[in-house]
Every structure is written in C-alpha cells, then in structure tokens.
Amino acid sequence: MGKEYVVTFFGYSGDPVDTIDFDTGRDTNKQFELVANTIARMSKNRNPSLNVLPAIQSWNYWRILRGATDDLRGLGGPDARIKELHICCHGGTSMLSLAMDFQKGDRIRKRAMAFNARARAVGNDQALLEAFDAEDAWITGTLSVLPMKNGGPDYEHKRWKANEQLSSMFAPGAYIHIWGCNPGAVHAKFGQLPESRHYDREVDAYLKRFGWHQTHPGIARDIAIQLGVPVTAARLLPRKHSGGLEFWVSQGGAIVKTETRRRYGEPMWLWAIRNSEWMTYNHRGDPEPTVRIFDMHKAPHEVAGGKPPTWFTSLYR
C-alpha cells in the first residue's frame with residue numbers, strides 16, 4: 001500500500017481588480033488559496049497519517065488531471081494514492097469554473113466567438129470535442145465525451161489516457177469535495193440566463209453546445225459517476241432562485257463573513273448559504289443519506305446552510 005495524500009486545488013478568484021496575465025503568475029486575491037490551505041490542515045488534523053501536498057493553483061482542468069497524477073507519483077512514488085481531493089473554485093451546475101471572469105469575461109467571449117465560427121466550419125460534433133480539449137473549466141462531459149477513431153474509442157488520445165490515469169489514482173475509501181457554488185445540482189444547466197448581467201449571445205451559444213440538447217448529470221454527479229468516487233458539493237434548495245457558498249474567517253475569536261477586498265489570513269472557510277445544502281453523491285450518482293466531510297459522515301441538519309458549524313471550524317488548530 002502506497003502513501004495516501006490530501007490534494008487541494010484552487011482556481012482563479014475572478015476578482016476584477018489587479019488581474020494578471022493568464023497562467024503567468026499568482027492570483028492577487030488569495031481567498032481560494034486560503035480556503036485550500038485551511039481545508040488541507042483540517043483534513044490532516046482529522047487523519048494525521050495522511051500526507052498533504054501544498055495547494056496547487058489550477059487555471060484549467062488539465063492541471064487538475066496532471067497535478068493529481070504525474071506530480072503526485074513523482075513525489076510519492078508509483079504507489080501513491082489520493083485519499084481526499086479538494087477543489088476550491090467558482091462553480092455552477094454544469095462546470096467548475098477555474099478561470100471564471102478572467103479579464104472581466106473578455107477572454108471567454110473571444111474564445112466563444114472563435115469556437116462558434118469553428119462549429120460553423122466543421123460541424124458541432126467536431127467543435128464540441130475541440131472545445132472540451134481547450135476549455136479551462138471542468139465541464140459535465142469532460143470525462144465521458146471522449147474522442148473516437150475509425151468507429152471506436154481513440155484510446156491513444158490524451159483525454160482517454162488522462163482519465164484512465166486519474167481514475168487509478170484514488171485510494172480505497174477516497175472522496176472528492178468541491179468547495180464552490182451549486183455544482184451539486186442533480187442535472188446540469190448549460191448556457192447563460194438571459195437576464196444575467198453577464199449575458200452574452202456568443203458565450204451563451206458556446207456554453208449550450210456542451211449540453212447538446214441532452215439531459216446530463218450535474219458536474220459533481222458526473223465526476224462521481226465517471227471516477228467511481230463519492231463527491232460532496234453544494235446545491236440550491238428547491239424553490240430557491242439563488243444560492244451558493246460564502247467566505248467566512250476567524251476574527252477576534254468570532255467566525256464572521258469576509259468583506260470584499262480586505263486582506264485576510266488563515267483560517268478561511270467556504271460554507272453553503274441558507275438557500276443551499278450540502279450533498280454527497282455515490283459512484284452511481286445517487287445522493288447519500290449523510291454528507292461526507294473529511295472522514296466524517298454528517299446528518300443533513302449538522303451541515304445546514306448559514307454560518308459554518310463549530311464542529312467544522314474547530315477542526316482548524
């Protein structure tokens with residue numbers, strides 16, 4: 001049995017102030033990084049036998065695939081395995097947005113326009129596969145919409161190889177936790193809401209292509225099914241129209257919400273708001289009766305949305 005690791009990733013904050021060049025430096029807003037470091041420390045406190053890698057900043061889903069395989073095996077040897085994978089990022093029902101709102105959304109608009117033009121030239125099916133390869137986000141379908149060749153699976157394609165490698169990296173009893181807004185929805189919703197202040201016709205058409213007029217599982221369920229590992233994530237409560245997670249920090253002995261742009265240190269947490277709830281999906285995509293956080297299985301009332309519970313924040317010490 002090889003060493004078992006806690007692996008944490010964090011995405012770009014989406015902060016419009018002091019934006020840096022893509023993939024060339026560190027995010028000026030440290031909130032996601034602070035959450036990743038906090039979560040890793042709490043997990044280690046729960047299970048001291050686990051090994052903890054430094055948090056990895058991820059700009060796209062390929063970095064998660066590579067960082068959770070090549071980097072880990074390079075450090076821990078060929079038998080190294082992931083016991084916990086934590087991803088701290090913006091999210092939605094259909095994707096983990098690791099570079100959300102970069103360049104105030106201008107970057108994705110330019111990419112959307114290019115892919116929409118490509119779709120008109122080569123057809124939607126080919127454009128869809130190319131979009132999956134180039135997309136920053138980890139989207140429902142990333143692990144299942146895979147390239148074919150000569151009427152069968154193209155097992156030599158990088159996406160087939162990366163998916164197989166990632167699946168083999170999880171230890172028995174492993175789990176994944178997504179610390180982001182609404183990836184725990186039962187079904188994925190592609191595209192943008194017309195009333196959204198971020199709505200753009202080109203981006204909307206680009207995002208809808210990933211759904212391709214079919215019903216898909218939400219991103220957390222999709223990952224659980226494709227990797228065969230339980231996934232914990234937040235989802236919007238029924239009949240609620242907005243939800244997600246909020247940042248919390250320890251200040252003067254009290255746990256309080258963060259203020260925009262204020263400089264903070266550890267510990268910092270993300271927790272579901274009152275309009276959302278935590279869910280854990282098993283390898284079949286079915287909701288579990290309890291919610292897994294680290295090596296614990298909590299009843300729904302113990303992980304209710306709102307202020308993070310004391311049993312949770314006290315794990316940081």
Side-chain angles (χ1 to χ4, degrees), residues 9-14 22-23 32 57-65 67-68 85-103 105 107-112 114-116 119 124 127-146 159 162-163 166 176-193 196 198-200 202-227 229 231-236 242-245 270 272 276 279 281 285:
F9 289 86
F10 62 98
Y12 173 65
S13 67
F22 192 80
D23 207 17
F32 279 136
Q57 184 169 19
S58 179
W59 296 95
N60 55 62
Y61 76 87
W62 281 113
R63 184 69 183 113
I64 287 181
L65 293 175
L85 174 61
H86 297 271
I87 306 172
C88 308
C89 66
H90 291 289
T93 63
S94 64
M95 67 178 64
L96 308 182
S97 303
L98 298 169
M100 180 179 177
D101 291 338
F102 193 85
Q103 294 177 341
R107 181 173 181 273
I108 189 173
R109 185 176 187 278
K110 290 178 180 177
R111 290 158 63 86
F115 274 112
N116 291 342
N124 279 301
L128 173 61
L129 290 174
E130 294 177 4
F132 270 121
D133 281 340
E135 179 55 53
D136 304 319
W138 192 342
I139 303 173
T140 289
T142 291
L143 300 177
S144 58
V145 180
L146 297 169
R159 290 183 62 229
N163 293 355
L166 181 60
I176 298 169
H177 197 133
I178 301 170
W179 302 90
C181 292
N182 300 327
V186 175
H187 299 298
K189 295 181 180 179
F190 295 89
Q192 296 179 309
L193 294 173
S196 170
H198 301 293
Y199 179 81
D200 182 275
E202 293 282 354
V203 175
D204 184 50
Y206 171 70
L207 295 176
K208 284 180 177 176
R209 184 175 296 114
F210 292 105
W212 203 231
H213 308 296
Q214 298 179 19
T215 299
H216 296 273
I219 182 62
R221 289 183 65 219
D222 188 62
I223 292 173
I225 294 167
Q226 299 303 324
L227 294 182
V229 178
V231 178
T232 297
R235 71 178 184 184
L236 188 66
S242 63
L245 307 184
L270 275 165
S276 297
M279 298 292 301
Y281 293 101

Rounded distance [0.5 Å steps], [atom1] in [X] versus [atom2] in [Y]:
X: Q57; Y: L98; atom1: CD; atom2: CG; value: 10.0 Å
X: S58; Y: F10; atom1: OG; atom2: CZ; value: 9.5 Å
X: I108; Y: D136; atom1: CD1; atom2: CG; value: 7.5 Å
X: I139; Y: L128; atom1: CD1; atom2: CG; value: 9.0 Å
X: N116; Y: K208; atom1: CG; atom2: NZ; value: 11.5 Å
X: Y12; Y: N60; atom1: OH; atom2: CG; value: 15.0 Å

Item checked: Residues that R63 engages under side-chain hydrogen bond (donor to acceptor under 3.5 Å, both in side chains), provided they are two or more places apart ->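 Checked R63 against side-chain hydrogen bond (donor to acceptor under 3.5 Å, both in side chains); matches are D71.
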Heavy atoms only: give me the nearest [X]-[Y] pair and the separation to one decimal.
X: L96; Y: C89; result: CB-SG, 3.8 Å
X: G184; Y: A220; result: CA-CB, 4.1 Å
X: A68; Y: F9; result: N-CZ, 3.9 Å
X: G191; Y: D204; result: CA-OD1, 3.3 Å
X: I219; Y: G92; result: CG2-O, 3.5 Å
X: T93; Y: A185; result: CG2-CB, 3.6 Å

Determine whether [X] and [Y] make a side-chain contact, defined as any pair of heavy atoms from C-beta on separated by less than 4.5 Å.
X: H216; Y: D222; value: no
X: W138; Y: I223; value: yes
X: F190; Y: T140; value: yes
X: F115; Y: E135; value: no

Item checked: Residues in salt bridge (Lys or Arg N to Asp or Glu O under 4.0 Å) contact with R221, at least two apart in sequence or another chain ->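 Counting only residues at least two positions away or on another chain, R221 forms no salt bridge (Lys or Arg N to Asp or Glu O under 4.0 Å).
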Tell me if a side-chain donor or acceptor on [X] pairs with a main-chain N or O of [Y] at a distance below 3.5 Å.
X: R209; Y: A119; answer: no
X: S97; Y: A99; answer: no
X: S276; Y: G244; answer: yes

Margin query: Between F32 and H90 (judged by ring centroids, cut-off 6.0 Å), do the two rings come close enough to count as a pair?
Written below: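 That pair passes the under 6.0 Å test.
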Next item on the list: List the steps, then state whether side-chain contact (heavy atoms from CB on, under 4.5 Å) holds for F210 with F132.
Entry: CA-CA 8 Å; F210 292 105; F132 270 121; 3.6 Å; yes
Note to self: Y281: which residues meet the ring-ring contact (aromatic ring centres under 6.0 Å, His included) condition with it, sequence neighbours left out?
What the structure shows: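 By the ring-ring contact (aromatic ring centres under 6.0 Å, His included) rule, Y281 matches no residue at all.
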